[in-house]
Number of protein chains: 2
Amino acid sequence: MSNFPFQRLQADLSGLIDRTPAGQRLPSEPELAKQLGVSRATLRDAMRTFETQGLVRRRQGSGTFVVGKVQALDSGLEVLESLETMAKRLGLVISVSHLSVEPLAADETLAEKLGLEVGAGLLCIRRVIRADGRPVAYLVDTLPENVLRVDDVATDFHGSVLDFLLERGDILKTSRANVSALGATAEVAKALEIQRGDVLLHFYSQLFDENAKVVDYSLSYFIPGYFHFHVVRRVGG
Amino acid sequence: MSNFPFQRLQADLSGLIDRTPAGQRLPSEPELAKQLGVSRATLRDAMRTFETQGLVRRRQGSGTFVVGKVQALDSGLEVLESLETMAKRLGLVISVSHLSVEPLAADETLAEKLGLEVGAGLLCIRRVIRADGRPVAYLVDTLPENVLRVDDVATDFHGSVLDFLLERGDILKTSRANVSALGATAEVAKALEIQRGDVLLHFYSQLFDENAKVVDYSLSYFIPGYFHFHVVRRVGG
DNA sequence: CAGTGGTCTAGACCACACG
DNA sequence: GTGTGGTCTAGACCACTGA
């Protein structure tokens, strides 16, 4: 038994994952913990790091599986494009699940972000984006009801609010995005089929139309290992 | 005892933190766990979320303290500026600690990132950036030795590689930054005085000179609650 | 139904800060 | 030394999957 179980464990697990063919199941947690001489809690702690890298996938009731090398979704931040567009550009196939469309009234936060009054009618669209069947992103868009109605979404909506608005002919100018990181809440963890507290990359952004009105307030949660976001920065002076 | 200890606990802790004056110590972990009717493990799990938001600070051997509302360091990603410049612009005072300057030879990864051959001489600069005495970022810059030497750093180095190069008169063009999120490794956790596995925002970037040569490969780790990074995105087509 | 991962508990031992 | 947070263990119970 080492003095630094966690670091040894990460190395051991890394080796095990490398040696295991893609798609195959790893031994169960109690079994692995026993084999590697650590407690299940420590094992799970280490396993989380591999899940956020997209190397394994854990499914309650069925097991932990090694994930084959998947191509990450790669995009520059200067240009706003939907995940669908991004995937198409890279020749990948993604799908949408858990689509939920729900009218609601603006609370204080949403009212401020959207430039409306508290109580204004809104439409909230949530969905999970999957690549290779694996959930990789959870998206929540909230729009004023005069921009998007429930009926609109019933037809011609394929998962991207941005693409829907553009195809409809809306004139959109820019998006102001904020970049952060957080641990998954219970809600997001469930949607992405990960553990509560797992590391996520988080964007929250406002989409502006030609009149500088906010037409969409958007929250995005990404499993880090499946995305490469980059930006070219000018040296300032 | 609720069926969802964690969610109750977060709410309870949030209330406790709000009611506690800034700078004051919270009850010890065993004490709090007992008061709130949860195990210490669960309590610590919840407390992590408040630490990454910059609401509390935990110090081994001394306790958990409520942090007064600190102004986040706010910056646009379009322009590359040092944290020092950023802080000055916002009227904040930051400091540098744990400065380490170490020559090393390029391994495969560094050689590729810097456009050099394996074994090339490099200089690696690590340091912790603090705001209000609190570690908020951990920065690792690696440069070719023909760009920066140990002697150079001995004088006139105040914590920012970018500022140092600019003041020296180097012509720098752009930086290509990648944005991600990860859990703190043991090394980074120690430097930032947080727990291993705590959520961090992570940039890794290459800085280019006028000849498109890479002069600096940089890794940055940010405690999310202390930073607001944003970017204006053009709607693509 | 048996077996899996998800959550939580109780308690141990350690490293560190401070008097 | 005493008390703090940092780490790890062993085991319980739950929710879910799939035969």
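Each chain gets a letter, A, B and so on, in the order the sequences are listed, and its residues count up from 1.
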Identify, with sequence neighbours excluded, every residue that meets side chain to side chain contact (heavy atoms under 4.5 Å, CB included) alongside B/Thr85. B/Glu81, B/Ser82, B/Asp163

Value in whole Å for how far the C1' atom of D/dG6 lies from CG of B/Leu192: 16 Å

Given atom CG of A/Asp45 and atom P of D/dT9, what is their separation to the nearest angstrom? 11 Å

For B/Asp107, what residues pass the side chain to side chain contact (heavy atoms under 4.5 Å, CB included) criterion, not counting sequence neighbours? B/Thr109, B/Leu110

B/Glu193 CD to D/dG6 C1': how many Å, rounded? 14 Å

Residues passing the side chain to side chain contact (heavy atoms under 4.5 Å, CB included) test with A/Ala11, sequence neighbours excluded, are none

Closer than 4.0 Å, any side-chain N/O of B/Arg40 to the OP1 or OP2 of C/dC8? no

Could you give the side-chain donor-acceptor pairs of residues 177-192 of chain A under 3.5 Å, partners two or more places apart or in another chain?
from	atom 1	to	atom 2	distance (Å)
A/Asn178	ND2	A/Tyr204	O	3.4
A/Thr185	OG1	A/Val188	N	3.4
A/Glu187	OE2	A/Arg126	NH1	3.4
A/Glu187	OE2	A/Tyr138	OH	2.8

Of all of residues 50-59 of chain B, which get a heavy atom below 4.0 angstrom from DNA chain D, listed by number? B/Arg58, B/Arg59

Using heavy-atom distances to pick each residue's nearest nucleotide on DNA chain D, tell me which of A/Ala41 and B/Ser28 is more 5'. B/Ser28

For the pair made of CD in B/Glu29 and P in C/dA10, what is the distance, rounded to whole Å? 16 Å

Determine: side-chain N/O of A/Gln195 to OP1/OP2 of C/dT7, distance under 4.0 Å, yes or no. yes

Counting only pairs under 3.5 Å, give me each side-chain donor-acceptor contact of residues 63-73 of chain A, with atom names and distances, residues two or more places apart or in other chains.
none

Terminal helix-axis angle for the helix from C/dC1-D/dG18 to C/dC18-D/dG1, with five pairs defining each axis and rounding to 10 degrees: 10°

Identify all side-chain donor-acceptor contacts of residues 31-40 of chain B below 3.5 Å with residues at least two apart in sequence or on another chain.
from	atom 1	to	atom 2	distance (Å)
B/Glu31	OE2	B/Gln35	NE2	2.9
B/Ser39	OG	B/Thr42	N	3.4
B/Ser39	OG	B/Thr42	OG1	3.2
B/Arg40	NE	B/Glu29	OE1	2.9
B/Arg40	NH2	B/Glu29	OE1	3.1

Spacing between A/Glu31 atom CD and C/dG3 atom P, to the nearest angstrom: 12 Å

Measure from CG on B/Leu43 to C1' on C/dA10 and round the result to the nearest Å. 14 Å

If the threshold is 4.0 Å, N to carboxylate O, is there a salt bridge linking A/Arg58 and A/Glu193? no

Going by an N to O cut-off under 4.0 Å, is there a salt bridge joining A/Glu51 and A/Arg134? yes

Under 4.0 Å between any heavy atoms, over every strand shown, what does B/Arg48 touch: base, sugar-phosphate, or nothing? Just pick one. nothing

Whole-Å gap separating P (D/dC8) and CZ (A/Arg44): 16 Å

Near-strand residues of residues 60-67 of chain B, defined as heavy-atom separation under 4.0 angstrom from DNA chain C: B/Gln60, B/Gly61, B/Ser62

If only atom types and distance count, is the side chain of B/Arg89 paired as donor or acceptor with the main-chain N or O of B/Asp74 below 3.5 Å? yes

At less than 4.0 Å, is any side-chain N or O atom of A/Thr42 found next to OP1 or OP2 of D/dT9? Yes or no. yes

Can I get a per-line list of side-chain donor-acceptor pairs under 3.5 Å for residues 92-100 of chain A, giving both atom names and the distance, sequence neighbours left out?
from	atom 1	to	atom 2	distance (Å)
A/Ser97	OG	A/Arg130	NE	2.8

Value in whole Å for how far the C1' atom of C/dT7 lies from CZ of A/Arg196: 7 Å

Show every side-chain hydrogen bond (donor to acceptor under 3.5 Å, both in side chains) that has at least one partner inside residues 18-27 of chain B, sequence neighbours left out. none

Only counting residues at least two apart or in another chain, list the ones meeting ring pair (Phe, Tyr, Trp, His ring centres under 6.0 Å) with A/Phe222. A/Phe203, A/Phe227, A/Phe229

